[in-house]
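Below is one structure, written out as structure tokens; comments come after it.
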Amino acid sequence: MSVMERIQAEVESHPIVLFMKGTAQFPMCGFSSRAVQALKAAGATQLHTVNVLEDPEIRANLPRYSNWPTFPQLFIHGELIGGCDITLELFESGELARMISETHNQ
């Protein structure tokens with residue numbers, strides 16, 4: 001399986017996927033930590049994380065897959081939502097909680 005297929009499988013296999021530096025329990029950068037905090041505060045209980053520091057192939061190819069240059073990268077229902085700043089904006093507006101609520105209701 002190619003790295004692009006592995007990335008696609010991760011995105012399609014879980015309703016909420018955060019590609020991040022570190023893990024939800026031990027984020028390894030401030031941006032990843034803030035994204036996890038926002039997701040948890042918005043009610044994400046089915047959060048699946050992928051530690052890009054553990055897989056150099058995913059780290060190198062995810063920006064090409066998503067056309068997004070930085071980490072973290074949030075996907076909901078297979079769609080790229082964005083990085084930390086967009087995740088925080090969605091959280092502050094209440095939109096992230098709505099998106100997560102729809103995920104849990106499916």
Side-chain angles (χ1 to χ4, degrees):
M1 179 181 287
S2 76
V3 68
M4 296 301 233
E5 290 170 331
R6 287 191 301 139
I7 293 169
Q8 186 167 353
E10 289 285 355
V11 167
E12 291 177 350
S13 298
H14 307 280
I16 304 171
V17 180
L18 183 66
F19 290 89
M20 62 180 286
K21 294 178 179 177
T23 65
Q25 295 76 23
F26 190 70
M28 307 256 328
C29 85
F31 295 112
S32 293
S33 178
R34 293 183 73 203
V36 168
Q37 289 173 344
L39 285 160
K40 287 183 177 180
T45 59
Q46 300 175 28
L47 175 60
H48 175 74
T49 61
V50 177
N51 183 352
V52 298
L53 298 176
E54 289 182 346
D55 193 325
E57 287 184 335
I58 287 180
R59 185 173 61 246
N61 287 282
L62 184 61
R64 198 174 60 150
Y65 174 86
S66 64
N67 199 27
W68 193 267
T70 60
F71 300 103
Q73 292 187 21
L74 174 63
F75 289 80
I76 296 180
H77 294 296
E79 282 190 53
L80 174 68
I81 302 304
C84 178
D85 290 345
I86 291 173
T87 301
L88 292 175
E89 286 179 24
L90 290 171
F91 172 73
E92 290 171 6
S93 73
E95 185 68 13
L96 187 60
R98 185 195 62 75
M99 295 167 82
I100 289 170
S101 169
E102 289 175 1
T103 297
H104 293 321
N105 291 332
Q106 290 185 356

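- The hydrophobic cluster containing L53 does not contain I58, counting ILVMFWY residues as joined when their side-chain heavy atoms lie under 4.5 angstrom apart, directly or transitively.
- Classified by interplanar angle (parallel below 30°, tilted 30° to 60°, perpendicular above 60°), the ring pair Y65/F75 is tilted.
- The NZ atom of K21 lies 15.0 Å from the OG1 atom of T49; values are rounded to the nearest 0.5 Å.
- Applying the salt bridge (charged side-chain N to carboxylate O under 4.0 Å, His left out) test to pairs two or more places apart or on separate chains, those with a residue in residues 41-68 are R6-D55, R6-E57.
- Note that the CG atom of L39 and the CE atom of M99 stand 10.0 Å from one another [nearest 0.5 Å].
- Across all non-hydrogen atoms, the minimal contact from S66 to Q73 is OG-OE1, 2.7 Å.
- Nearest heavy atoms, F91 versus A41: CE1-CB, 3.6 Å.
- I7 contributes atom CD1, which lies 6.0 Å from atom CZ of F19 (distance to the nearest 0.5 angstrom).
- Looking at every heavy atom in both residues, T87 comes nearest to A38 through CG2-CB, 4.2 Å.
- Here the closest non-hydrogen pair linking A60 and P63 is O-CD, 3.8 Å.
- Between T103 atom OG1 and H77 atom NE2 the span is 3.0 Å, to the nearest 0.5 Å.
- The hydrophobic cluster containing I86 also contains F71, counting ILVMFWY residues as joined when their side-chain heavy atoms lie under 4.5 angstrom apart, directly or transitively.
- L88 and L47 fall into different hydrophobic clusters, where Ile, Leu, Val, Met, Phe, Trp and Tyr are joined by side-chain heavy atoms under 4.5 Å apart, directly or via other members.
- Residues I76 and L96 form a side-chain contact, since some pair of their non-hydrogen atoms from C-beta on lies under 4.5 Å apart.
- By the 4.5 Å heavy-atom criterion applied to side chains, I16 and L74 are counted as neighbours.
- Considering only heavy atoms from C-beta on, T70 stays 4.5 Å or farther from F31 through its side chain.
- Nearest approach of L18 to A35, heavy atoms of both residues: CD2-CB, 4.2 Å.
- Atom CG of L90 is separated from atom CD1 of I100 by 9.5 Å, given to the nearest 0.5 angstrom.
- E79 CD: 12 or fewer foreign heavy atoms inside a 6.0 Å radius.
- Taking CE of M28 as the reference point, atom CG of N51 lies at 7.5 Å (rounded to 0.5 Å).
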